[in-house]
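Inspection log for the structure reproduced underneath, given as structure tokens.
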Amino acid sequence: MEYNFQDIEARWRKQWAELKTYHVEPREDRPKYYVLNMFPYPSGAGLHVGHPLGYIASDIYARYKRLQGYNVLNPMGYDAYGLPAEQYAIQTGQHPEVTTNENIGRYREQLDQLGFSFDWDREVRTCSPDYYKWTQWAFQKMFNSYFCTTCQKAKPIERLIKYFEEHGAEDLHVACSEDLSFSAEEWNSWDAKQKSDVLMNYRLAYLGETMVNWCPELGTVLANDEVVNGVSERGGYPVEQKRMRQWCLRVSAYSQRLLDGLNTIQWSDSIKETQRNWIGRSEGTEMQFRYHNPSIDGREEEGHFTIFTTRADTIFGVTFMVLAPESELVGQLTADSQKAEVEAYVKYVKGRTERERMIDHKVTGVFSGSYAINPFTGTEIPVYISEYVLAGYGTGAIMAVPAHDSRDYAFAKHFDLPIIPLIEGADVSEESFDAKEGIVGNSPAAGVETLDGFSLNGCTVKEAIAKTKQFVTEHHLGRVKVNYRLRDAIFSRQRYWGEPFPVYYKQGIPTMVPEDCLPVQLPEVEDFKPTKTGEPPLGNAKVWAWDEVNCKIVDKSLVDEQTIFPLELFTMPGFAGSSAYYLRYMDPHNNESLISEEASQYWQSVDLYVGGSEHATGHLIYSRFWNKFLYDLGVSKSEEPFQKLVNQGMIQGWSSFVHRVSGTSKYVSFDLLEERISDDKKSKEYYYEGVKCDPIHSDISFVSGNVLNVEGFRQWRPEYAEAEFVCNAQGQFIVSQAIEKMSKSKYNVVNPDDICARYGADTLRLYEMFLGPIEQSKPWDVAGIDGCFRFLKKAWNLYWTKDDQIAITDEAPTKENLKTLHKLIKKVTEDIEVFSYNTSVPAFMVAVGELQQQKCQSREVLETLVVLLSPFAPHFGEELWHAMGHDTSVCDAQWPSYCEDYLREDSVTLGVQFNGKVRYSMTFSADATPEQMQQQVLSAEESQKYLDGMQIMKVVAVPKRIVNVVVKPQQ
RNA sequence: GCGCCUGUGGCGGAAUUGGUAGACGCGCCAGACUUAGGAUCUGGUAUCUCGCGAUGUGCAGGUUCGAGUCCUGUUAGGCGCACCA
């Protein structure tokens, strides 16, 4: 019978949908397993062959777990808020919701084709009010929480307010934006507005004046992970630093927990390492330095400032101090005589973009005119201002030790400041000695008196750091401090197509819309662009004010500042909706709470999460933070949201380029061009008759092999219609090719629909898995797909006789059959557990080949084969399962376990080596001991010629592996 | 600069975790059946050599009876962080 995949796949797709084969509910009689894919943003381009890679891998695992008797949750949904739909709306006026729904429809169609075992009853969309109600709810909970650093947990803000009423800010151990100090009396004397402002310093979701990444081109702020190399990740527009009032999430409060949690989860080392880097914990010391500003008259001690260092041991090598230009200390420490110079410098730094500062690290700076006093020796040290010190890290001020820090070294050389080496034997004449190793000397130098006779001479660096820390703490010169690089997340965006904030401004005080009035729904606007006065697009909404009395959204013109107030104009960023969607899948239709207690208890957390590694410092951090917060609230039952993470690699595309002579409309075949290395030696450039040619993407549909279909290309775009094409001697126009990310804009997209139509979804699934290790990126190459298709056809033919009868019998399997089968069970089971699907596909091919040769028709064997194959090729499996007379889905079969007995050999043929070289092979009984094998080898006739005239040094016999005889010539 | 990962035929990639390197697929070569095939089937395919045999997992060392696998150094590519004190 012919393998008619089109008929088979269409039929089962329909059946599964009608019978809700993949619908799942909590059930106490079965253990749960939660498989999750990162949900897609439904872009206008639809799915390409890269998207399903992870979905297929997780679907195989989900089906496998189900066959093993687990109750498997495998949901899918859409991350529906995003910039492309909004930009399309700005251009065309079409509402983003319309675009989004259209795209979702197309995605769903494409996904359905591929035979996934998703429970579509649990679909979520981040833009649906039922869904974002809970995004808003979580935000409000964060607003109403603070973080206790002693117990490392979020607590209700009411507790903090009560504390302030009784104790003020004294002896406070909470996460905050800045350390404030006030008494209970002061607190109680403040009005509502003042109290609100102070509380913002502690809330987990807070309104803050912070330096933000402002992207003028996009008209919005961006989070740190959305800025790459000083330009926006999306679009590559320049980003500048700007001080703005924004909503923020106090992610930094969870730094330590986010770091510790990494040790408890099974993620790849590289992604854990990336997160550790991003969190950037560094243990160090904060030290206070008194300073002396000569312009302030009559007082010796004007005050002090604090620096942060991880190298407290180098205190005797400090020869200058440096402040960040943006630091608030700059004002206090600038002497009148230096004022003009300092102001000019600060202005210069402000004029530099983030990108400029990143690219060139030239040494710049200016003397402040003030001196700091080394608390250990009383020495006066000049204070400088330089952009190499960052305002956002530590205290924005450092002690500079040029001998042991390369940046300080460069600065000292430039400004001709002294360099005092401290590590014995370190040569600092050419460069600094940065390593944290060696024996400390010169600390202090001979004859220098120090506070309490403190000395580090003779200690190792490690001991010296510890000793200094202890001394600093005891003498109240500072404190031990752990710093993190992780910044609070900026949580508001000047955009339309996002979750609105459930916040209104009551007499200037940000106030939460009552919980039972949620969600605050996204209003209609006439224009999706920002307003003329620079307000976000929600400023265009007419009905956008909060009626406090009637608890509803009303017309903006009614605002009276008594009972009707303006609503927040910002919307939430992309990561808001994706931070807790895995929880919502557990109980997606619950209108009373994010998830019910029962659902949460049953499903716990995601056991297997599959998605791209590009989310390492974005979604995967925010989501962990969000979950930890909900865990503190008792909503999530697990400290970590994703127990195991598999990062599928990207499938890249082969882009094609035509080459156009610069400034003309003349196109030249690639093989006629001259190759040169570009000036920066990093890339190649191509020239035709001495003129440079620009590569231009051509749609890959006009290219076969590397030859361009010139007519097709001409008709593609009007500007190409009249172009001149210079072909090679064979009359062909050759394109150049390169592997790039698969993307609509690169015209290199391969669509799964065509593959499905030609080979079927099961072949596509098999092939994508066969392509290589799941975690590796690889270019899409259709060449090998025939092999997978042939395999399915071969397997299919195993089940049918020539006259289309099902070819199975009830005869007992032969020993050979069982060996083939159990070898396969073992291999496939082990492979699936470690996601090594690319090696199970060949195992199937070998097994099918063997069974074919054995002419196996045994029901027992062939049924098991179908079960093993069904996660990979579900339609194929389901069809044969039913053809063999079952009336339940193959999903409800049982995954077989293998039996070692069938794999055991009576005898085993091993290579016999002399001095590590294989000479011949020999058959041993399967249970031969090394001693017996040794005997057999030495007495064998074939061995004699190798043993002749030789002395036996050693015989190594490894059962089931090898026998090696080590010999050397006899003396 | 710091950290992580990867280097195996013409190609994608295997190798039971230290035991006969190159499974399986693609491609290529030969053959069979065919009027024909971009269909199907069979056999071959790391390199050098007529052959015996020798060489071979980026490069150089080391450990071991034995190394693609472990260790040291080096080189190339990819990724992450990056003036983080």
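So that the names make sense, note that chain A is the first sequence line, chain B the second, and so on, each numbered from 1.
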In this structure, is the centre-to-centre distance between the rings of [Y] and [X] below 6.0 Å?
X: Phe5(A); Y: Tyr759(A); answer: no
X: Phe789(A); Y: Tyr767(A); answer: no
X: Phe320(A); Y: Phe411(A); answer: yes

**OP:** Could you classify rG9(B) for me, syn or anti, using a glycosidic angle within 90° of 0 as syn?
**Re:**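 rG9(B): syn.
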**OP:** For rU72(B), measure the glycosidic angle (O4'-C1'-N9-C4 for a purine, O4'-C1'-N1-C2 for a pyrimidine) and name it syn if it falls within 90° of 0, otherwise anti.
**Re:**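 That one's anti.
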So what does [X] touch, heavy atoms closer than 4.0 Å: a base, only the sugar-phosphate, or nothing?
X: Arg311(A); result: sugar-phosphate
X: Val965(A); result: nothing
X: Lys793(A); result: sugar-phosphate
X: Asp408(A); result: nothing
X: Glu830(A); result: nothing
X: Leu390(A); result: base
X: Ser840(A); result: nothing
X: Pro779(A); result: nothing

Original post:
For the pair made of CE in Met287(A) and C1' in rA85(B), what is the distance, rounded to whole Å?
Top reply: 11 Å
**OP:** Give the rounded distance in Å between these two atoms: CD of Glu286(A) and P of rA85(B).
**Re:** 14 Å
Original post:
Where does RNA chain B pair, written as one dot-bracket string 5' to 3', with Watson-Crick or G-U pairs under 3.5 Å, ( ) inside the strand, [ ] for crossing pairs and | for another strand?
Top reply: (((((((..(((......[....)))((((((.......))))))(((....)))..(((((..]....))))))))))))....
Between N or O atoms, less than 3.5 Å apart, protein on one side and nucleotides 24-29 of chain B on the other: list the pairs.
{"residue": "rC26(B)", "atom": "OP1", "partner": "Arg790(A)", "partner atom": "NE", "Å": "3.4"}
{"residue": "rC26(B)", "atom": "OP1", "partner": "Arg790(A)", "partner atom": "NH2", "Å": "2.2"}

**OP:** Name all pairs fulfilling the side chain to side chain donor-acceptor pair (under 3.5 Å) condition that reach into residues 769-781 of chain A, sequence neighbours left out, sorted by first residue then second.
**Re:** none
Subject >> Carboxylate-amine/guanidinium contact Glu850(A) Lys823(A), below 4.0 Å >> reply: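 Looking at Glu850(A) and Lys823(A), the cut-off is met.
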Subject >> RNA chain B: 5'-proximal contact among Gly396(A) and Ser270(A) (nearest heavy atom) >> reply: Ser270(A)
Original post:
Does rC81(B) have OP1 or OP2 sitting under 4.0 Å from an N or O in the side chain of Arg276(A)?
Top reply: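 Arg276(A) to rC81(B) OP1/OP2: no side-chain N or O under 4.0 Å.
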Original post:
For Ser282(A) and Tyr393(A), does a side-chain donor sit closer than 3.5 Å to a side-chain acceptor?
Top reply: yes
Subject >> Aromatic ring pairing His822(A)/Tyr902(A), orientation class (parallel under 30°, perpendicular over 60°, tilted between) >> reply: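 Judged by the thresholds at 30° and 60°, the geometry between His822(A) and Tyr902(A) is tilted.
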Original post:
Do the ring planes of Trp800(A) and Trp796(A) sit parallel (below 30°), tilted (30 to 60°) or perpendicular (above 60°)?
Top reply: tilted
Subject >> Worked verdict on Val750(A) versus Met742(A) for side-chain contact (heavy atoms from CB on, under 4.5 Å) >> reply: CA-CA 8 Å; Val750(A) 181; Met742(A) 205 176 268; 4.1 Å; yes
